[in-house]
Amino acid sequence: MKKLMIGNAAIARGAYEAGATVGTAYPGTPSTEIVSSFAQFDNVYAEWAPNEKVALEVGIGASIAGARTLVAMKHVGVNVAADPLYSFSYTGVNGGLVLVSADDPGMHSSQNEQDNRGHARFAKLPVLEPSDSQEALDFTRLGFELSEQFDRPVMLRITTRLAHSQTLVTEGEPQPYELKEYKKDAPKYVMLPAFGRLRHVEIENRMVELKEYVETSPLNRIEYDDLSLGVITSGVVYQYVKEALPHASVLKLGITNPLPRKMIEEFAAKVERLVIVEELEPVFEEQIRSWGIKAEGKELFTLLGEYSSEYLAEKLGGQAPAPGFGLNDQVPARPPLLCAGCPHRGVFHTLRRMRLVVAGDIGCYTLGALAPAEGIDSCICMGASIGTALGMEKARGEEFAQKTVAVIGDSTFVHSGITPLIDVVYNQGRTTVMILDNDTTAMTGHQDHPATGLTIRRQPTRKLDLKDLVRAIGIEQVRVVDPLDLTALRDTLQEELARPEPSVIICKRACALIDKERKPYRLTVDADLCNGCKACIRLGCTGIVFDDDNKKAYTHSSCVACGLCEQVCKVDAVKRVEG
């Protein structure tokens, strides 16, 4: 039976069918649904790890112990996991391990567009690139076999379009898989220099074997048609090529590291014009041209963002989708906004009013950089806010530190904020850190983390107490404040910024989308009192809008009565009404 399935769910299904019993991840779009889907299967262990490095290390342990293991993360998460990944490439596996790298061309939800085929080449990992959900399932299954056959972790590289697109999938039966025997083997798993040198030789031998394998692998295939144009491509871009250039000859690469040189040379010799189509970096192109093969590539196509069938038709003279396939009119721009009632809004309103320098971080609250909040000065990567603020302080002195704060979410703090906070204490900083604790990993879809007290299966567990944690680090001044109480928040900030030692302010209020407790009142605007000053809508909340004449405010149906507009209204026009 066939069913529609997004690529992420298909990957989870493929791992389950392959007999994987352990799945680990840190949630990050576009990869999040992979391990959350895997967790729904019986007789498997799944977890949200504090960060990607830990997720991979748990996966490595499970592999060494003999289990087939799935580890998933978004592309920048591989940066966090790179340290164990490169060493694990040397040790090799016991039970097969598939690492999913969900790359994000177009930066739909990411801070960069890095192409993790580069990581794979440096770490000498086999790379599989599916082009639809069925291949996502099938390639994942095969990935575990290849991992054990070649004693390597295998990277399954997908992109946002594949992760979240639905295509038909035929599910298979889960195959029986017994844990491989665990054997003590220090020369294989203990990366002392003497052992590591021996394992490097083994890696190079395995790469020779892999180069032979990819020449005959069914994952790489040639589709001959019109020989006047030949296209080499992979992943979801293959779908764009087939749609825009239905009669072109195509070499579809399912394994993209290492490349099948003989197959490529054969294909190139038979077509009149050879074009390499790959999103982001010229990974194929540089290798293929280095072999002396004449081909066109990035001189035709951009290094930036996603491709599409329309784009390829324009560049190569193919056929665009039939009229009516998509929207005929341009969709109006809709800037991303914090939700109505979001507790972060009070924070950024206050930071902007106080004209502070704000080192920001990754999460919903990154939207605080946009108008009308305009409350973030920098955002680099997960956990960078605290170290960035400390660096600013050390560069410009105490006076600058008195108007500088670091802002970080609860999940991000657990992910990678603890270490830089230790650095603040150790190196005698006076940085003020605001932990925006909304009791969830909100931006990726409300996943749990160690400070929520619930596992990936929503089972109760030991809850990490952020207040106790920062005190244990050495922060003596820890304050907890409701971020929707603007007066208390401002007073607390003023006091802590003036303090000649580091401090932490925990802004504690649940995400508006998970706080289901209904207030006994609603907010409305008294039109007779409203003077149209617009102080309320400068909050950027969708719960309050202005009338067609742009003269009077009124509350929208999305209002959750958070009370911010009530606090900023200078004429007391916002009223509480029962019901």
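We number each residue from 1, following the sequence as shown.
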Please report the shortest heavy-atom distance between Leu466 and Asp437, naming the atom on each side. CD1-OD2, 3.8 Å
Tell me whether the NZ or CZ atom of Lys534 lies within the 45° cone about the ring axis of Phe546 and under 6.0 Å from its centre. yes
Please answer whether the main-chain N or O of Gly305 pairs with a side-chain N or O of Glu113 as donor and acceptor at a distance below 3.5 Å. yes
Electrostatic pair Arg576-Glu566, nearest N-O below 4.0 angstrom: yes
Do the side chain of Glu578 and the main chain of Pro520 share a donor and acceptor less than 3.5 angstrom apart? no
To the nearest 0.5 angstrom, please state how far the NE2 atom of His449 sits from the OG1 atom of Thr441. 4.5 Å
Kindly indicate whether the side chain of Ile475, heavy atoms from C-beta on, has any atom under 4.5 Å from the side chain of Val478. yes
Side chains of Ser131 and Glu135: do they bring a donor and an acceptor to under 3.5 Å? yes
Rounded to the nearest 0.5 Å, what separates atom CG in Leu168 from atom OG in Ser133? 9.0 Å
Cut-off 3.5 Å, side chains only: do Asp361 and Ser385 have a donor facing an acceptor? yes
Which atom of Gly341 lies closest to which atom of Cys562, heavy atoms considered: CA-CB, 3.8 Å
Quick one: does any side-chain atom of Thr555 pair with a main-chain N or O of Leu523 as donor and acceptor, under 3.5 Å? yes
Could you tell me the separation between the CZ atom of Arg13 and the CG atom of Asn8, rounded to the nearest 0.5 Å? 16.0 Å
Return the CE to CD1 distance between Met434 and Ile386, rounded to the nearest 0.5 Å. 12.5 Å
Within a 6.0 Å radius of atom CD on Glu399, are there more than 12 heavy atoms belonging to other residues, nucleotides or ligands? no
Regarding Thr452 and Lys463, is there a side-chain donor-to-acceptor distance under 3.5 Å anywhere? no
May I ask you to test the Cys565-Leu539 pair for a side-chain heavy-atom distance under 4.5 Å? yes
Quick check: are there more than 12 heavy atoms from other residues, nucleotides or ligands sitting under 6.0 Å from CZ of Arg396? no
Using atom types as modelled and distance alone, determine if a side-chain donor or acceptor of Glu393 lies under 3.5 Å from a backbone N or O of Thr431. yes
Looking only at the side chains, is there a donor atom on one of Asp104 and Gln114 sitting less than 3.5 Å from an acceptor on the other? no
Are His415 and Glu52 packed together at the side-chain level, in the sense that at least one heavy-atom pair is separated by less than 4.5 angstrom? yes
Counting only heavy atoms not in Lys3 (residues, nucleotides, ligands), do more than 12 fall under 6.0 Å from its NZ? no
Interatomic distance, CG@Asp83 vs NZ@Lys53, rounded to 0.5 Å, equals 6.0 Å
Quick check: do Ile34 and Leu70 have side-chain heavy atoms less than 4.5 Å from each other? yes
Of all heavy-atom pairs between Ser63 and Leu97, which one has the smallest distance, and what is that distance? CB-CD1, 4.3 Å
Distance-only donor-acceptor check, side chains Tyr86 and His119, under 3.5 Å: yes
For Gly28, does its backbone N or O pair with a side-chain atom of Ser31 as donor and acceptor, under 3.5 Å? yes
Is it the case that over 12 heavy atoms from other parts of the model lie below 6.0 angstrom from the CD atom of Gln428? no
Do the non-hydrogen side-chain atoms of Met382 and Tyr26 ever get within less than 4.5 Å of each other? yes
If I compare all heavy atoms of Val357 with all of Phe400, which pair ends up nearest, and what's the gap? CG2-CZ, 3.8 Å
Salt bridge flag under 4.0 Å for residues Asp115 and Arg157: yes
Here the gap from Lys552 atom NZ to Asn531 atom CG, rounded to the nearest 0.5 Å, amounts to 7.5 Å
Does Thr69 reach the main-chain N or O of Ala67 with its side chain, forming a donor-acceptor pair under 3.5 Å? yes
May I have all residue pairs that pass salt bridge (charged side-chain N to carboxylate O under 4.0 Å, His left out) and include part of residues 466-485, sequence neighbours excluded? Arg479-Glu495, Arg479-Glu496, Asp482-Arg509
Between Phe348 and Ile376, what is the shortest heavy-atom contact and its length? CE2-CG1, 3.4 Å
Measuring only between side-chain heavy atoms, which start at C-beta, is Leu484 closer than 4.5 Å to Leu564? yes
Between Ser110 and Lys74, is any pair of side-chain heavy atoms under 4.5 Å apart? yes
Compare all side-chain heavy atoms of Ile158 with those of Val236 and state whether any distance is below 4.5 angstrom. no
Could you tell me whether the side chain of Lys394 and the main chain of Asn427 form a donor-acceptor pair under 3.5 Å? yes
Can Asp526 and Lys575 be counted as an ion pair, charged N to O under 4.0 angstrom? no
Could you verify whether a donor N or O on one side chain and an acceptor N or O on the other, from Tyr365 and Thr412, lie under 3.5 Å apart? yes
Sidechain-backbone polar pair: Asp377 side chain, Gly360 backbone, donor-acceptor under 3.5 Å: no
How close do Ile6 and Ala163 get, heavy atom to heavy atom, and via which atoms? CB-O, 3.6 Å
Is the shortest side-chain N to carboxylate O distance from Glu501 to Arg430 below 4.0 Å? no
Assess whether side chain to side chain contact (heavy atoms under 4.5 Å, CB included) is satisfied between Val76 and Gln111, documenting all intermediate values. CA-CA 8 Å; Val76 287; Gln111 64 267 44; 4.1 Å; yes
